[in-house]
Visitor: 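Below is the structure I would like to discuss, written out as structure tokens.
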Protein chains: 2
Amino acid sequence: MKFNTVTIKDIAKALGLSTSTVSRALRGGYEISEETKKIVLEYAEKINYRPNPIALSLKERRSHSIGVVVSEIANNFFSQAINGVESVAYNRDYHVIITQSHERFDREVMNVEHLASRSVDGLLISLSSESSDISYLKSLHDKGLPMVFFDRITEEIHTHRVIADNLKGSFEATEYLISLGHKRIAHITNASHLSITRERLEGYKAALQRYQLPFNEDYVKHGKSQGIEQEEIDQAIRELFELPEPPEAIFIAQDKLSLFCLMAIKKLAPAHLEDIAIAGFTNANVVDLFSPSITAVRQPAFDMGKTATELLLQLIESKRPVEEFQTKVFNTELIFTNSHRISG
Amino acid sequence: MKFNTVTIKDIAKALGLSTSTVSRALRGGYEISEETKKIVLEYAEKINYRPNPIALSLKERRSHSIGVVVSEIANNFFSQAINGVESVAYNRDYHVIITQSHERFDREVMNVEHLASRSVDGLLISLSSESSDISYLKSLHDKGLPMVFFDRITEEIHTHRVIADNLKGSFEATEYLISLGHKRIAHITNASHLSITRERLEGYKAALQRYQLPFNEDYVKHGKSQGIEQEEIDQAIRELFELPEPPEAIFIAQDKLSLFCLMAIKKLAPAHLEDIAIAGFTNANVVDLFSPSITAVRQPAFDMGKTATELLLQLIESKRPVEEFQTKVFNTELIFTNSHRISG
DNA sequence: TTGAAAGCGCTAACAT
DNA sequence: ATGTTAGCGCTTTCAA
């Protein structure tokens, strides 16, 4: 089971040179005569020599690859962000290794440790909804593994962060629902310790307050930690509509939750389909097709992925320890669809 | 930039043993005394020793990881298939490295070569729509790299394959459209050299023939090789509706194309929204929400991913060269939504 | 039962 | 300008 059978040794032997000369010639070392260089390069080309990256990693302690940890690639936000990551990484000759935590803490730890032990040069992480104790990350970070957090970030580790302006995005969405004349607005969101959950809840509250609407605890539904089951959202919707004063509008704080929520309403509350207003975070690019329609809070996922990667590569390639960290905040966009005008 | 600072050498030094003894003790070599074993294991545990997988890979020529190459993780079929892959791989202690070709041949080659040179133990591939010359894969396969094709397969490499029953799925979808009374049925599909394209086109033709409808070349639209642009589908839809006899129904051969197609119709032919019937391959799990509605041909993506991985691990772990290869064919499911009854 | 030494592919300090 | 050698972390003959 060996490919890449061709090694530097083979070239050296064939050309009657030493391995070090060959090595230097291949990487264009200036001490090598043009002639030798030429011979070596031509021969290497001829026999299709490829350096063995594993040997390189072992030696150099780096791999020219970065690891990405997200909860679900099936989430539109993440798959778009990953495309942004790749666009930067490939241009700068880094490989991207994608892993999913499926919102589970143990999976996240396992992925991170595997990536670290495989000598990825850095990590791009969006925390799973189960991850509250992140000391395992902290210790890797302390040991010098560069990392950048995006989307679901933590304050506990001092490094670059890339997020959307969750507070503003939520405020605007809620405000929009209020502008439609609704007063009873529910909020469906993630596990409460996630950064995005807190910020989006804050935006929702801020809008209520701004328009002097009361905040009602009963209108807020947190997905359980796993938060990726239709079941859970069905239950939340049921409870909301069983309230003595059911909501007239719903604001949802996350991509998959938004879709589950539309499904749940269609299934469980068809009578309300026409009159309930829905807004929610989602990066689905077929949002125009949805019925019931939803006003989408869209994050610039691609750009966020790009920026996070640029920051990470900056950390990785910096000669001296970086002391100044940035938190880049991206604006969200509120997207109105006219599908309810067409089909409802 | 070194983590994993703890090596076998450290343990050996601390315990006054040789590295080889420690190595053997750690992997439970039977020649080591119980006592030494115990001491070593306890100490290793205490200082949190983790073997360096890179060193292992260099030595053993394998990595206990498998590579996956798909065109787009944002495609529902693929993200679901990958979940199936992971479910098997993690249970058997393999890591999964996901890469995307974005329907580009050069990206595919680059990914495959990177994976191979990183000593993945095997490859799970669904070809990009640009990939017609796959000699680069053939040569890796000849050198002994185990690979299993799924979804977009090739006949040129003799190995296991996992596909859906594309012919039957297409036949049933087309038949369903015919059963609604439609006679002019268009077909929108991928690049013509892909296996799935051929098979699905065949199914479509077979259904037409079975019900004695004429096959009309003008009703068939192939996405260009890149096939992942809304633009392209818009153009196809425009052309179809400009025909003297525009289609009454459309059958679409692929996940993303189906969604693009719904968007295009909504945008460009709103007048037809109520009367055109649409069926298409898609694994979107929010298909119930779509308006216009679509009858979905759904592939058992998760199971296909699982099976492909089981076959691959079988190849990887087989002691002797495998000579007998299987092509596993999975049934598709036709899913009817009632959303057009509710909203239209 | 344990240790010494070689080697996986490559680079780099140290000769020459 | 080129060669010799050691070493990255680990396993595995071969010796003791």
Side-chain angles (χ1 to χ4, degrees), chain A residues 1-41 43-44 47-64 113-114 116-121 144, chain B residues 1-41 43-44 47-64 113-114 116-121 144:
Chain A
M1 205 85 54
K2 44 185 333 197
F3 327 108
N4 240 349
T5 309
V6 193
T7 75
I8 269 192
K9 218 181 199 166
D10 298 322
I11 302 183
K13 203 180 297 170
L15 265 39
L17 292 167
S18 76
T19 57
S20 47
T21 306
V22 174
S23 168
R24 279 181 284 233
L26 287 171
R27 39 195 49 248
Y30 66 105
E31 342 133 67
I32 303 295
S33 76
E34 282 309 318
E35 202 184 357
T36 320
K37 231 183 244 181
K38 187 160 159 270
I39 298 180
V40 170
L41 287 174
Y43 185 72
I47 62 173
N48 196 28
Y49 167 78
R50 294 272 176 278
N52 178 331
I54 298 200
L56 277 174
S57 296
L58 182 58
K59 181 138 244 304
E60 315 242 297
R61 261 53 188 301
R62 54 176 300 183
S63 58
H64 242 69
E113 299 209 319
H114 177 243
S117 69
R118 283 258 155 217
S119 288
V120 290
D121 301 343
Chain B
M1 207 85 55
K2 41 183 341 197
F3 328 107
N4 241 351
T5 309
V6 192
T7 75
I8 268 190
K9 219 182 199 165
D10 300 321
I11 301 185
K13 202 179 298 170
L15 265 39
L17 293 168
S18 76
T19 58
S20 43
T21 304
V22 174
S23 169
R24 277 182 286 233
L26 286 172
R27 39 194 50 251
Y30 65 106
E31 340 132 69
I32 303 295
S33 75
E34 283 307 319
E35 201 185 356
T36 319
K37 231 182 241 179
K38 186 158 161 271
I39 299 179
V40 170
L41 287 174
Y43 185 72
I47 64 173
N48 195 27
Y49 168 78
R50 293 272 176 277
N52 179 331
I54 297 198
L56 277 174
S57 295
L58 181 58
K59 183 133 243 302
E60 315 241 298
R61 261 56 190 299
R62 53 176 303 186
S63 57
H64 242 71
E113 300 209 317
H114 176 243
S117 70
R118 284 256 154 219
S119 287
V120 290
D121 300 342

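Chain A is the first sequence line, chain B the second, and so forth, proteins listed ahead of strands; every chain is numbered from 1.
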Visitor: Quick check on D:dT11: is either OP1 or OP2 less than 4.0 Å from any side-chain nitrogen or oxygen of B:Arg27?
Guide: yes
Visitor: Using a cut-off of strictly less than 4.0 Å, decide whether A:Ser33 has a side-chain nitrogen or oxygen near OP1 or OP2 of D:dA1.
Guide: no
Visitor: Examine C:dA4: is either OP1 or OP2 under 4.0 Å from a nitrogen or oxygen in the side chain of B:Ser20? Give yes or no.
Guide: no
Visitor: Ignoring backbone atoms, establish whether B:Lys9 has a side-chain N or O less than 4.0 Å from OP1 or OP2 of D:dC8.
Guide: yes
Visitor: So, under a plain 3.5 Å distance rule, would you say the side chain of B:Arg61 forms a donor-acceptor pair with the base of C:dG9?
Guide: no
Visitor: Looking at every non-hydrogen atom in both residues, tell me the closest pair between A:Pro51 and A:Leu56 and how far apart they are.
Guide: CB-CD1, 4.4 Å
Visitor: B:Ile54 near the nucleic acid: base, sugar-phosphate alone, or nothing, with a heavy-atom cut-off under 4.0 Å?
Guide: nothing
Visitor: Should we count CD of A:Glu31 as having more than 12 external heavy atoms under 6.0 Å?
Guide: yes
Visitor: Answer yes or no: does a side-chain N or O of A:Tyr30 lie under 4.0 Å from OP1 or OP2 of D:dT2?
Guide: no
Visitor: Would you say a side-chain N or O of B:Ser18 is under 4.0 Å from OP1 or OP2 of C:dG3?
Guide: yes
Visitor: Does A:Thr36 have a side-chain nitrogen or oxygen under 4.0 Å from the phosphate oxygens OP1 or OP2 of D:dT2?
Guide: yes
Visitor: Without hydrogens or angle criteria, can the side chains of B:Arg118 and A:Ser57 be said to hold a donor-acceptor pair below 3.5 Å?
Guide: yes
